[in-house]
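We count ligands from 1, going down the list as the structure has it; atoms in each ligand are counted the same way. What's counted below: heavy atoms across the whole structure, side chains too, no hydrogens, waters or symmetry copies.
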Amino acid sequence: MFRPLDWLLGLFSLDIGIDLGTANTLVYIRDRGIVINEPSWVAINRRTRQPLAIGAEAREMVGRTPADIVAIRPLRDGVISEFEITEAMLDYFIKKAHEQMIVPFPRPRVVVGIPSGVTEVEKRAVYDAAISAGAREAHLIEEPTAAAIGAGLPVNEPRGSMIVDIGGGTTEVAVFAMGGIVVSRSIRVAGDEMDEDIIQYARNKYNLLIGERMAERVKIGIGSAFPLPEERTMTLRGRNLINGLPQSVEISSIELREAMSPSINIIVDTVRDCLDDTPPELVADLMEVGICLAGGGAQIRGLADRLEDMVKMRVWVAEDAMTCVARGAGRVLENIDLWQRSLTGLHRGSTHH
Ligand code: ADP
Ligand code: MG
């Protein structure tokens, strides 16, 4: 049915999809693409807990701040540890995205992707933050669902599909059919834990103390989950734990693979575990369509090969793996009725609740 008023409003409506990730927050605006992609960091005054900087600016302050300022990641472990700080962050990103529009007057409709483990109270906090930031309508969607939609998986169809979303703080594995999640797992092992593994390895093998950023840099540089066609090396810089002096060590991709294996193994086992619990009909579907990887951690070299080797089915990395959740959340707004089943409880609907 043609509704002239809806059509007219549509011309002025602003639809925003947000990925409130443990490591990065992305904002997608329909017809414009990704307009914000910043670390989920907030710098606060240690005493008053007042936010001082958010996003990229806050991350820059890490390790460089005076003692009374701390930079935190309020969603680090996939749970919202600090409501007010998360609210401040969401408010900042929505307003920033809104300001980028040429005509910023219509109040946006917002879909926020949230980690699947969050409680009702946390959902409420995210919903309220979106409304108080000026959204005229806010919806919440679980991240694995948004990731699957963004990756183009047929989540609304009867046949099964599977997503493995590897972020900073959490890895989410989910099998979908008919718009719903049939089997899922959420673990607090993902990119951050790999960095942690590398820090441990450098300490144990070389008595070398390295920082999180250094660990992440080598992980992205030469980290892998499966033997590489050509193994490589990179320089680790840190401080020697025995004499306290600066030191650098050449590390090979073979060593790094060994270093990262504890967390990689946990992720791989979780995928297998999830498959074991998947009904046979859906497993048969998966053998046809395969398994899709999304999130920053999906880009670890050889991870798809490693999984493929184990599960004996096709495993591939989604196109633009790091933006799947934001794009998927945005796509929901194109036809909200179609995705009703995928939105998460409580606060679907608008401000009139
Ligand atoms: P979240 O959804 O939790 O915010 P992201 O999907 O943004 O997380 O992924 C962030 C994680 O991905 C970080 O741990 C980061 O180190 C890792 N990452 C980003 N790019 C790469 C890459 N090319 N190779 C391996 N890991 C990567
Ligand atoms: Mg994510």
Side-chain angles (χ1 to χ4, degrees), residues 17-28 34 36-42 55-56 59 62 72-81 86 89-90 93 111-118 140-151 163-174 186-199 210-226 228 232 234 253 256-257 259-260 263-264 267 292-306 317-329:
I18 300 178
D19 170 5
L20 201 55
T22 67
N24 298 296
T25 298
L26 282 76
V27 180
Y28 167 91
I34 301 289
I36 288 174
N37 183 352
E38 292 193 39
S40 306
W41 283 89
V42 181
R59 187 174 186 191
V62 177
I72 59 170
R73 280 169 61 186
L75 291 145
R76 181 159 218 156
D77 297 314
V79 289
I80 300 169
S81 53
T86 304
M89 193 171 82
L90 193 56
F93 286 128
V111 171
V112 188
I114 48 163
S116 59
V118 309
L140 307 182
I141 187 168
E142 292 195 347
E143 270 162 6
T145 310
I149 295 170
I163 192 95
V164 181
D165 180 2
I166 307 166
T170 55
T171 295
E172 313 239 19
V173 184
S186 176
I187 54 167
R188 293 183 186 181
V189 174
D192 293 340
E193 195 73 16
M194 295 175 205
D195 301 345
E196 214 41 61
D197 282 347
I198 295 169
I199 292 172
I210 60 166
E212 282 178 15
R213 284 198 184 198
M214 184 76 236
E216 184 181 34
R217 202 179 312 150
V218 290
K219 173 187 71 178
I220 293 175
I222 59 169
S224 64
F226 203 69
L228 299 174
R232 297 159 54 188
M234 231 172 125
S253 51
L256 209 60
R257 193 157 54 243
M260 290 161 63
S263 33
I264 299 279
I267 293 170
C292 180
L293 309 184
Q299 302 173 92
I300 295 287
R301 288 174 198 76
L303 185 59
D305 300 322
R306 169 79 186 276
V317 179
E319 201 174 309
D320 215 348
M322 284 185 86
T323 66
C324 285
V325 172
R327 286 183 293 114

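The backbone N or O of V27 lies less than 3.5 Å from no partner atom in the side chain of D19, so there is not a single donor-acceptor pair. Remark: the backbone N or O of V189 is paired with a side-chain donor or acceptor of T171 at under 3.5 angstrom.
Here R301 pairs with nothing under the salt bridge (charged side-chain N to carboxylate O under 4.0 Å, His left out) rule; sequence neighbours left out.
Under the 4.0 Å criterion applied to side-chain N and carboxylate O atoms, E196 and R188 are not assigned as salt-bridge partners.
Here the options are R73, R76, K219, the test is salt bridge (charged side-chain N to carboxylate O under 4.0 Å, His left out), and the partner is E212; only R76 passes.
With hydrogens and angles left out, the side-chain atoms of T25 and S40 include a donor and acceptor closer than 3.5 Å.
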Quick one: ligand 1 N/O to protein N/O pairs below 3.5 Å?
from     : atom 1 : to   : atom 2 : distance (Å)
ligand 1 : 3 (O)  : T22  : N      : 3.1
ligand 1 : 3 (O)  : T22  : OG1    : 2.5
ligand 1 : 3 (O)  : A23  : N      : 3.4
ligand 1 : 3 (O)  : G168 : N      : 2.9
ligand 1 : 4 (O)  : T22  : N      : 3.1
ligand 1 : 4 (O)  : A23  : N      : 2.7
ligand 1 : 4 (O)  : N24  : N      : 2.8
ligand 1 : 4 (O)  : N24  : O      : 3.4
ligand 1 : 6 (O)  : G296 : N      : 2.9
ligand 1 : 7 (O)  : N24  : ND2    : 2.8
ligand 1 : 8 (O)  : G168 : N      : 3.1
ligand 1 : 9 (O)  : G296 : N      : 3.3
ligand 1 : 12 (O) : G297 : N      : 3.4
ligand 1 : 14 (O) : K219 : NZ     : 3.2
ligand 1 : 16 (O) : E216 : OE2    : 2.5
ligand 1 : 16 (O) : K219 : NZ     : 2.6

